[in-house]
Every structure is written in structure tokens, then in C-alpha cells.
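One structure below.
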Amino acid sequence: MKTRYLDARTPDGLKASVAAACEILRAGEIAALPTETVYGLCADARDAKAVGKIFEAKGRPQDNPLIVHIATPEALDEIACNIPDAARRLAEKYWPGPLTMIFEKKSVIPAVTSGGLDTVAVRMPSHPVIREVILQSGIPIAAPSANRSGSPSPTTAEHVTADFDGVIPLIVDSGCSQFGVESTVISFAVQPPRLLRPGSVTAEQLREELGEIAIDDAILHPLAEGQRVSSPGMKYRHYAPQAQIVLLKGDAAAFSAYTRRHAGDGVYALCFDEDETVLPAVRYGGQADPAQQAARLFAALRELDERGAKLVYGHFPQSDGVGLAVCNRILRAAGFRVIEIESERK
Ligand code: AMP
Ligand code: MG
């Protein structure tokens with residue numbers, strides 16, 4: 001299949017991209033579109049056959065449900081039921097934006113989209129490309145990240161191309177993703193509401209609106225053998241580059257000293273802009289700027305592979321605010337390998 005590329009960064013390009021995407025989705029095909037979180041692989045969420053093509057292209061396990069993207073508040077009531085007032089308040093505050101909420105599902109959403117669950121995850125994105133496509137086509141869009149299952153999520157059209165050139169009919173380019181990590185996911189199918197995946201809408205912001213929320217254990221900890229998961233996506237290895245990543249928890253001096261002692265062939269650092277290290281370094285943002293770390297992390301993981309890194313020492317980020325999302329992604333990329341280095345400074 002020949003992949004068509006369109007650039008949406010000019011007014012004419014935006015118009016052409018939206019028109020082409022609407023046509024493809026109406027025909028039951030799939031397309032990669034930019035969103036403000038990461039690039040998404042899109043299909044009509046109501047069309048089981050079209051959604052099946054997403055799973056096939058990504059190599060995604062069938063039980064890992066997709067998020068349904070909408071563009072108006074009314075569309076929420078068409079696909080979900082039992083929506084608590086608190087969720088409507090959150091929608092008013094954070095939609096359109098990087099927040100996904102889970103509710104009981106209506107039958108218009110087929111089982112393949114929800115991974116066989118009787119709940120559905122819903123988000124209203126703000127990015128003009130996907131938002132216009134939803135508005136003009138009237139289609140609720142199922143869209144997971146536009147990468148092969150298991151590899152880092154795509155934050156540029158080049159990342160999408162690396163995985164899907166010749167595999168899907170359309171890739172729309174809109175430059176670097178604004179947030180760079182996938183949406184915050186909170187479930188209202190349980191009481192109290194449970195944070196399943198941290199993102200750019202923070203746990204602190206959710207608590208401010210909801211009072212008590214539960215933070216799922218799987219966000220910062222590996223699953224125990226046979227442990228039940230609230231979100232099927234947590235079972236799977238994620239965001240993993242080819243290189244083995246080991247995270248070092250400690251301050252700048254400890255990081256510098258540890259990486260000096262452990263330098264070697266193919267050994268790289270994944271660190272903050274301010275870090276000093278003798279290792280060849282890929283930097284993922286300012287030490288005190290978790291939003292910037294979130295925006296740069298996935299591209300940094302891909303760059304480490306391109307540069308042929310074999311072993312990577314990553315500097316562990318702070319975990320408050322958007323930092324919780326950065327911690328969650330980098331821990332998974334590292335297979336939860338963490339070394340405390342503070343105590344080694346003598
Ligand atoms: P992605 O499509 O890559 O952004 O991933 C979507 C995430 O949301 C995955 O971790 C899914 O397991 C999770 N998710 C989607 N729908 C549901 C649902 N109905 N219940 C629980 N988790 C969900
Ligand atoms: Mg994904």
C-alpha cells in the first residue's frame with residue numbers, strides 16, 4: 001500500500017488533511033492523525049471491522065481497549081451511560097484536553113473497541129486536526145497511539161512513518177506533539193474514581209475537583225504474577241526501546257559519579273539538561289520541568305536506539321504533578337529496574 005502524506009501546518013494543508021481523513025474514515029479505513037498528546041491511529045469507533053484494522057496494524061492484544069474520541073459534550077451521552085456529575089464537572093474544566101474518563105458503555109460501541117469490557121474510555125481532544133475530523137465526519141474516533149504495540153509512542157509524524165509507512169493509507173503531519181505523553185485515564189466505573197494512567201492532567205488537579213481518588217498500584221509498581229488489572233494496558237510491556245534502561249535515583253552529583261564509574265562501550269545516559277556525565281547523553285528536559293520531560297521522553301527513547309545504545313543509565317525524575325506521568329512511562333521503559341545511588345556517594 002502506498003501511504004499518502006499530508007502536512008496540516010498551513011490553513012490549506014489543514015483543510016486538505018481533514019478532508020482526506022474524513023474520506024478514509026467514512027470508507028472504513030484507518031489513518032494516523034496528530035493529537036495534542038501523541039499521534040493516534042484512527043478508525044470509526046462504531047465500526048468493528050475498521051477497529052479490527054487498528055489492532056492488526058499495531059499488533060495490539062485484543063483485550064486492550066481503545067479510547068473513543070469525541071468533539072461535543074452531547075456525543076458523550078451517545079456512547080456512555082451512568083455519568084456522574086463530578087465527571088461532567090471535569091469535562092467542563094479539562095475538555096477539550098488530555099483527559100480520558102471511563103464509564104459504562106452503550107451498545108453503539110462494539111466489543112472489539114472496548115476490548116470486550118462493558119465500559120468505554122472517552123476523551124475530547126483539542127488538536128484541530130482530529131477535532132475537525134470528528135466534527136465534519138460526525139464519527140466518534142477510536143484511536144490508540146500510532147506505534148507498533150510495545151514501542152515508544154509517536155510524538156512526530158516521522159515516528160509514525162517508521163512504524164507504518166506502506167501499511168496505512170494516510171499519515172497527517174502536524175509537527176511535535178504538544179504534551180508528548182498519552183492522556184490521563186480515570187475510571188468512573190468504580191467508586192471512588194480510580195486513576196489508571198497518569199498524564200498531563202495531574203492527580204493533584206483531579207483531587208481538587210473530586211476529593212478522594214484511588215491511585216492504581218500498577219502506575220508505579222510492576223504487576224505481581226497473576227495480579228488482576230483495572231486497565232488491560234497495564235499488563236503489557238510498554239514504551240520499551242531496544243536498549244536496556246536502568247534508572248538511577250539520586251541527585252546530580254551522585255548521577256555524575258555513578259555514570260563515570262560505569263562508562264563503557266554502548267553505555268549511554270538518559271538525563272536532564274543540567275546533568276554532567278562522561279557518557280554520551282540523550283537529554284529529556286530540565287530537571288525541574290516535568291512538562292518538558294513529558295514532551296521529550298519518547299523521542300529521547302527512540303534516539304537512544306538510533307544511536308545504538310546497549311545499556312542506558314536514566315536519571316530518575318520527580319514524581320509530583322506531571323512528573324507522575326513521566327515516572328510511569330520511564331519505569332515501564334526500564335522494566336522497573338531502579339538503583340538508589342544517594343548512599344553510594346562517599
Ligand atoms: P492507548 O490507546 O495506547 O492510549 O491506551 C489506552 C489505555 O486506556 C490502555 O492502557 C487501556 O488499557 C486503557 N483503557 C481503555 N479503555 C479502558 C476501559 N474501558 N477500562 C479500563 N482501561 C481502559
Ligand atoms: Mg499506546
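None of these values were measured; they are calculated from a predicted model. FYI, side chains are in, hydrogens and waters are out, and symmetry mates aren't considered; it's all heavy atoms of this structure. Whatever order the structure lists ligands and atoms in, that order sets their numbers, starting from 1. The residues of the chain are indexed from 1 along the displayed sequence.
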Do Lys310 and Val267 have side chains that approach each other closer than 4.5 Å (heavy atoms only, starting at C-beta)? no

Select the closest option to atom 21 (C) of ligand 1 among Asn147, Asp118, Ile102, judged by heavy-atom distance. Ile102

Leu117 neighbourhood, listing ligand 1 atoms whose heavy-atom distance to it stays under 4.0 Å: 18 (C), 19 (N), 20 (N)

Can you list every pair that meets side-chain hydrogen bond (donor to acceptor under 3.5 Å, both in side chains) and has a residue in residues 271-280, with sequence neighbours left out? Thr259-Thr277, Asp273-Arg296, Asp275-His315

Mind checking whether Tyr284 and Phe272 have ring centres under 6.0 Å apart? yes

The atoms of ligand 1 lying under 4.0 Å from a heavy atom of Asn64, numbered in the order shown, are 9 (C), 11 (C), 12 (O)

Touching ligand 1 at all, Ser145? Heavy atoms, strictly under 4.0 Å? yes

Is Asn147 close enough to the Mg ion (ligand 2) to have an N, O or S atom under 2.8 Å? no

Is Ser230 near ligand 1, meaning one of its heavy atoms is under 4.0 Å from it? yes

Pairing donors with acceptors under 3.5 angstrom, does anything connect the side chains of Arg46 and Thr113? no

Give the atom numbers and elements of ligand 1 that come within less than 4.0 Å of a heavy atom of Pro144. 2 (O)

Distance alone, cut at 3.5 Å: any donor-acceptor contact between the side chains of Ser145 and Asn147? yes

Side-chain heavy atoms of Leu324 within contact of Leu220, under 4.5 Å: yes

Among Arg197, Glu182, Glu104, Arg194, the residue with a heavy atom nearest to atom 1 (P) of ligand 1 is Arg197

Those residues that, when tested against Lys49, pass side chain to side chain contact (heavy atoms under 4.5 Å, CB included) (two or more places apart): Asp47

Short version for Thr119: what comes under 4.0 Å of ligand 1, heavy atoms counted, is both

